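Input: a single structure, listed below in structure tokens.
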Amino acid sequence: MGIGELDREAHVAEGTGAAAPRTLAEALRARGDEGLAALLRARPDLLNPVPNDLTQLATRAGTRGSVVRALERLDRFALQTAEALAVAPDPAPYPVLLALLTGDEGDPAIEAALPGAVALLREQALVWGEDDRLRLVRTARELLSPSPQHPSPTGLGPTVAEATSGMSPGRVQEIIGAAGLPATHDPVSAVAALTGLFTDRARMGALLDGAPPEALAVLDRLVWGPPYGEVTANPAPPVRWLRDRGLLLPVSARTMVLPREVALHLRGGRAHRAPEPVAPEVAVLREHRPQVVDGAAAGQAYTALATVEELLKSWDKGGPQVLRAGGLSVRDLRRTAAALDVTEQVAAFWLELCHGAGLLASDGEADERYAPTPAYDDWLDLPPAERWARLVTPWLASTRTSGLVGGQDAKGRALSALGPDLDRAAAPEVRHRVLGLLATLPPGAAADPETVFARLRWERPLRGAAAGPATESTGSGPALPDDLRSRLARWALAEAELLGLTGRGALSAPARALLNLPLAEAASPADEGGGVEESVAAERAATLLAPLLPEAVDHVLLQADLTAVAPGPLRRPLADALAVLADVESKGGATVYRFTPGSVRRALDSGLTASDLHDFLTAHSRTPVPQPLAYLVDDVARRHGHLRVGAASAYVRCDDDTVLGEILADRRSAALGLRRLAPTVLAAQADPAALLDGLRAMGYAPAAESAEGDVLVTRADAYRTPARTAPVPVPDGPPAPDATLLHAAVKAIRAGDRAATAVRREPSAPTPAGSLPRTSSAETLATVQAAAMTGSAVWIGYVNADGAASQRVIAPVRVEGGFVTGYDHTADEMRTYPLHRITGVAELADD
């Protein structure tokens, strides 16, 4: 309450004298509703919860966590402007700030960009005050100001006054004498005289003209930072010359520092070596025809669909087990990569893509393993273009980052695919921004990746850096080339190419539609994007992609070497049936299937007969069925089911007792524990499944039978997890508020501020600052009744049922039954309060 009282007093002074704001709260109070809404929109963390008044909003805007978050979202030049203010006098006039950024020579680009940077900092409440008294928020100044522990990003050191604060008065007098200044009567005036010398260009130039060349070389090594240097107990003559004249000042027995005023003189007045007022341009690496780009992107999109389908089909009966700590083991990732014929990093991407789209999850059983979800079956029934949209839409919003797989977390533990700790909140923003930068180029133009990374580092120089804003060297040198944001951008470019959002490095037309961007061939306002809902954008993207995808075919070409060639993507029923009857031998533009005895037996096990297989091949082949393939089907079918396996533990029966004799005589049957029960029946110690596999390994073609003696049809039933929802992205801070919330929040803050700054009449017994008003029950009742009769407002102290105390301004309209009902100016609504919970009441002063 002490801060609030001071702020209210300042507000009164402002209202009477129209003086410049003396606090951040006063500066916020002078804003219009649009200005407050802009602040809350740029810094949504200030809304949780909604501040009671503007004083609380200003206090919250100055907290360390909120300021750090705001600094991380500044572009490089706005951050350089804040860094310059941190080393400028407090408060700093606008011309002083401009001189720190342009130096003695001036820079038209900086002069043109600086007003916008100051307006941005002021809008986000990092800077307040008029142009003649610009003030950096105290927390931001602490983060960006130079100190021995946290050097300034500008590379500047402390001022002369700060560096000499612990120095003896005699030593200060010696320094000003060596510098050619007259002695003074106190240390304060001596430091002021030395500061005046160092900031006077003419006198400072004359002093340095007499310096030894070696001393100037020492200054050159320190001028752009770091400003600290180690010295010996007996420093060299050049260092002694600088130390004696205060051009180097001691901060410890072995460390010297270059004062800020000296460094600025040597730099020509510039706080930064390379100010960057203009964002770097994204350069074009190569150009293609837009039709070529869209065709290449469509080919990648088709490959993406085929890869996802192949991956999940291989896990159709249950995938690898889940590690105890979560995720997929390195061995299983390596097997998946080999099956897909890709690198392990790319395999991790496809796994995370399926997981993020809700097509893959763990089953949650005791022996937990991965498997497709029921949503995968629904996904398969969609047209190809819609399936593609169902993959890329969650990828854009996902915080899962497959590029981290194979690395280590902060504790040195390996990061595994599908495991925890792969979420990076900045990933969605980077993906959108990378694709947005590609969209700024002409259609068909591929961007130079390095210029994309440079642009991202300019836009968010602190985001993803390993160090905080006080230690990350972003103002005086280039950003880290391998910071998290740059790596996310590099992965986003590669993943966009894999998904078919880009073709040959250029953004495709379906990707533009997905991002709500205007299309080059847009012919109507409805095609201009912008403001379109995500589902509508995905539908537009799928519509544009559909005609570019290869059309599915309903036939194959049978070859005499027991292979079938699919000249394009097969329609789903044909593809599913052929996957049972044959094995895939090679993939590409045309898929080659090979028929083997095992694959034909698999089809027979699924319930098909030899005639069914012949009819299927004849119906779907554009070439006659080769004789070797027909013989293969008949031969396997003739032997299929000749032996019958059932449960005893298991048994084998056969009408031909000589076949059973051959089995018993075969050494390979010893592990099955067979013995003859009857001329046509063998009993086994192995279970039926193991007995089937063992006999098939010996070259026989047994069939399983039921307890009634019927042949069992062993269909390959797919294993599915219980219904699972897709993983929710990890939010990157509070969500951006919508217009309705902003309007309500501004209205509530204004109402609370009017109540908090209302001027009260002086009570007979003054109320200590920060405490609630105290009056007797009779006095409270009389005051609120009088206010209800006159229609005036009163100030009350109130304690709710939870014991939380607050101060409110209400206009009573009814007092009865132990309750007072009135308009609460703090909450901006009608409310009812129990009288016994009102601690006291005071009348407001007349306007």
Side-chain angles (χ1 to χ4, degrees), residues 309-310 313-314 316-317 339 553-567 569-587 590-646 650 652-656 659 662-663 666 668-669 688-706 709-719:
E309 190 172 341
E310 180 183 358
K313 187 178 292 185
S314 66
D316 214 35
K317 297 181 181 179
V553 298
D554 61 353
H555 63 275
V556 294
L557 305 175
L558 296 177
Q559 308 290 322
D561 59 350
L562 299 181
T563 61
V565 178
L570 297 177
R571 293 183 179 177
R572 180 145 311 282
L574 174 58
D576 293 340
L578 196 60
V580 176
L581 180 57
D583 299 323
V584 176
E585 186 170 83
S586 65
K587 296 175 292 184
T591 305
V592 177
Y593 294 85
R594 177 164 293 281
F595 299 95
T596 66
S599 67
V600 174
R601 183 175 64 240
R602 186 171 64 229
L604 295 173
D605 286 343
S606 68
L608 298 176
T609 63
S611 61
D612 293 335
L613 297 183
H614 286 300
D615 294 341
F616 172 80
L617 294 173
T618 302
H620 292 94
S621 176
R622 289 290 177 88
T623 59
V625 179
Q627 193 177 52
L629 179 57
Y631 284 168
L632 175 64
V633 171
D634 291 337
D635 183 56
V636 175
R638 185 167 46 254
R639 294 184 295 115
H640 184 264
H642 187 57
L643 296 177
R644 301 292 183 89
V645 173
V652 181
R653 70 180 181 88
C654 181
D655 295 336
D656 189 350
V659 173
E662 292 176 2
I663 295 174
D666 195 324
R668 293 174 294 177
S669 67
L691 184 55
L692 280 169
D693 293 339
L695 292 176
R696 286 170 178 169
M698 295 167 60
Y700 297 97
E705 71 175 11
S706 65
D710 300 324
V711 175
L712 288 176
V713 176
T714 56
R715 300 184 186 274
D717 294 330
Y719 178 75

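Just so it is clear, the structure is predicted and the values come from calculations on it, not from any experiment.
Between Arg639 and Gly699, the shortest heavy-atom contact is NH1-O, 3.5 Å. Ser599 and Arg594 get closest at one heavy-atom pair: OG-O, 4.2 Å. For the residue pair Val659 and Cys654, the shortest heavy atom distance occurs at CB-SG, 4.2 Å. What you find for Thr609 and Ser611 is that their closest heavy atoms are OG1-OG, 3.0 Å. Annotation for Pro597 and Leu632: closest pair CG-CD1, 3.9 Å, computed over non-hydrogen atoms. Annotation for Leu604 and Ala637: closest pair CD1-CA, 3.6 Å, computed over non-hydrogen atoms.
Thr563 places no side-chain N or O within donor-acceptor distance of the main-chain N or O of Tyr593, the cut-off being under 3.5 Å. Side chain of Arg668 to main chain of Leu695: no donor-acceptor pair is present (N/O by atom type, distance under 3.5 Å, no hydrogens or angles). The backbone N or O of Ala579 lies less than 3.5 Å from a partner atom in the side chain of Arg602, making a donor-acceptor pair. Under the 3.5 Å distance criterion, the side-chain polar atoms of Asp666 are left unmatched by any main-chain donor or acceptor of Ile663.
Here the CZ-CG distance, from Phe595 to Leu617, works out to 5.5 Å after rounding to the nearest 0.5 Å. Rounding to the nearest 0.5 Å gives a distance of 4.0 Å between CG of Asp605 and NE2 of His640. A distance of 4.0 Å separates CD of Glu705 from CZ of Arg653, quoted to the nearest 0.5 Å. The line from CG of Leu581 to NE2 of His620 is 11.5 Å long, rounded to the nearest 0.5 Å. Rounding to the nearest 0.5 Å gives a distance of 10.0 Å between CG of Leu570 and CG of Asp576.
Looking only at side-chain heavy atoms (C-beta outward), Arg622 and Asp554 come within less than 4.5 Å of each other. Within the 4.5 Å cutoff, the side chain of Arg696 has heavy atoms near those of the Pro702 side chain. The closest side-chain heavy-atom distance from Val600 to Asp635 is not below 4.5 Å. Inter-residue side-chain proximity for Leu574 and His555 is flagged as unmet; no heavy-atom pair is nearer than 4.5 Å.
Under 3.5 Å, the side chains of Thr618 and Asp615 contain no donor-acceptor pair of N or O atoms.
Taking the side-chain contact (heavy atoms from CB on, under 4.5 Å) definition, one finds that Glu662 meets it with Tyr700, sequence neighbours left out. When the side-chain contact (heavy atoms from CB on, under 4.5 Å) test is applied to Ser621, the partners found at least two apart in sequence or on another chain are Leu558, Thr623.
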